[in-house]
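Accompanying notes for the structure given below.
So that the names make sense, note that chain A is the first sequence line, chain B the second, and so on, each numbered from 1. Only this structure's heavy atoms are used, side chains among them; waters, hydrogens and symmetry mates stay out.
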Amino acid sequence: MPELPEVETIKRDLSNVLIGRRVSRFLVSKTRLLKSSKKLFISKLVGSKILSVDRRAKLLLLNLSSGYTVLIHLKMTGQLVYQRASGKLKVGGHPIVGVDKIPNKYTYITLSLDNKAKLFFNDVRQFGYWQIIDSKELDNKLSHFGPEPLSKNFTAEAFYKRLQSRRRTSIKAAILDQKIVSGIGNIYADESLFVARLYPGRLVGSLTSKETRALFLSIKQVLRKSINARGTSFNSYRDGLGRTGTYWEKRLVYGRTSQACPRCGKIIKKLHIAGRGTHFCPNCQK
DNA sequence: CACTTGACCTGTCCGC
DNA sequence: TGCGGACAGGTCAAGT
């Protein structure tokens, strides 16, 4: 689920309810998901106030009054659900499996807050993780990511420059590489390449500067459009679990194998490129 | 060094 | 209905 637009949506929602709250309890039932010791979480998280909520690449960051930052990665199936003191589920991630209640058997971490609200972390596949680190470690960790695609320091020139290190790989693999540009995952890689009319298997070194620029622009366009739609949710979920994203209905090629291309009407194909299922129009992506 | 594959997990879907 | 296999939004370590 979570690529840049989804994590950004969660970040905005959680900012509204978490900022200024003090953490009163930290419960974990699956220590596999912790990248830092539980002891460190207890000492630097419990009793601290949440000063701000940020996003970098696909990481969600909770900045604490202790000077530490909780770093949350949702990977494929992680979700965050905020439950108000009343028990009402107000905002959250985007539920994936048919979750009938929260918490449930996939709830592995629970944060209790000073206003009696709770933040649940569920993760069916258990690939996600929580880590707590100080500002120095944080700077180091974040320095490994490429530029934020929607920031002003992501320029066509910066993009072109970074692509030069991967001239012999496919353009799809290149834009999935978080060191080249951060936050793009499988859905938005396919969507961006479709908008730019580029075949995902094209080698980076074969791109003209015009094509590179088209891709640069399409990445920004696709990500903005998805953020405006609150991201992508895979299954429709209609109860009180917060709103779900509507980009799924707006997608152009991803998951549309055998359907008509929205641009030329020819049939959309699916191949494995860069080790990932890749959707594209053989007629208008060259 | 640069690039590709397998592994981490659980659930779902499809064909036989 | 059961069962095996492929596949799933991400990222590493290990292999070529």
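- We find that CG of A:L176 is positioned 15 Å from C1' of B:dT5, with the value rounded to whole Å.
- Atoms CZ (A:R251) and P (C:dA8) sit 14 Å apart, rounded to a whole Å.
- When rounded to the nearest whole Å, the span between OH of A:Y108 and C1' of B:dT10 equals 8 Å.
- Taking only side-chain nitrogens and oxygens, A:K270 comes nearer than 4.0 Å to OP1 or OP2 of C:dA8.
- Of the candidates B:dG11, C:dC7, B:dC3, B:dG11 carries the atom nearest the A:V124 side chain, counting heavy atoms from C-beta on.
- Under 4.0 angstrom from either OP1 or OP2 of C:dA8 there lies no side-chain N or O belonging to A:R276.
- In this structure, A:G275 reaches neither bases nor backbone, as no heavy-atom distance under 4.0 Å exists between it and the strands shown.
- Taking side-chain N and O atoms only, A:Y106 has a distance below 4.0 Å to OP1 or OP2 of B:dG11.
- Between C:dT1 and B:dT10, the distance separating the two P atoms is 27 Å to the nearest Å.
- Between the side chains of A:T77 and A:Y106, no donor-acceptor pair is found at a separation under 3.5 Å.
- None of A:E191, A:E6, A:R230 except one satisfies the side chain to side chain donor-acceptor pair (under 3.5 Å) rule with A:Y247; the exception is A:E191.
- Nucleic acid contact class of A:H272 (heavy atoms, under 4.0 Å, all strands): sugar-phosphate only.
- Note on A:Q178: every side-chain N or O is 4.0 Å or more away from OP1 and OP2 of C:dG10.
- A:F127 does not qualify as a stacking partner of the C:dT11 base, lacking a centre-to-centre distance under 5.5 Å together with planes within 30°.
- Aromatic rings from A:F194 and A:Y199 are positioned such that their centres are separated by 6.0 Å or more.
- Side-chain contact, A:K75 with A:Q126: no donor N or O sits under 3.5 Å from an acceptor N or O.
- For A:I187 and C:dG10, the CD1 to P distance is 7 Å, given to the nearest whole Å.
- The closest side-chain heavy-atom distance from A:L61 to A:L142 is below 4.5 Å.
- Here the P atom of nucleotide B:dT10 and the CG atom of A:L74 are 18 Å apart, to the nearest Å.
- Of the side-chain N and O atoms in A:H73, one or more sit less than 4.0 angstrom from OP1 or OP2 of C:dT11.
- Regarding A:N104, its CG atom lies at a distance of 13 Å from the C1' atom of B:dG11, rounded to whole Å.
- Put simply, CD1 on A:I72 is 15 Å from P on C:dT11, counting in whole angstrom units.
- In terms of phosphate contacts, A:K58 brings a side-chain nitrogen or oxygen within less than 4.0 Å of OP1 or OP2 of C:dT11.
- For A:T169, the side-chain atoms get nearest to B:dC3 when compared with the rest of C:dA8, B:dT10, B:dC3.
- Comparing C:dG5 with B:dA7, their P atoms are spaced 15 Å from each other, to the whole Å.
- Regarding A:K105, its NZ atom lies at a distance of 5 Å from the P atom of B:dG11, rounded to whole Å.
- Neither OP1 nor OP2 of B:dA2 sits under 4.0 Å from any side-chain N or O of A:R166.
- With both ends at atom P, the span from B:dC1 to C:dG10 equals 28 Å, rounded to whole Å.
- Ring to ring, A:F216 and A:F154 are close: their centroids are under 6.0 angstrom apart.
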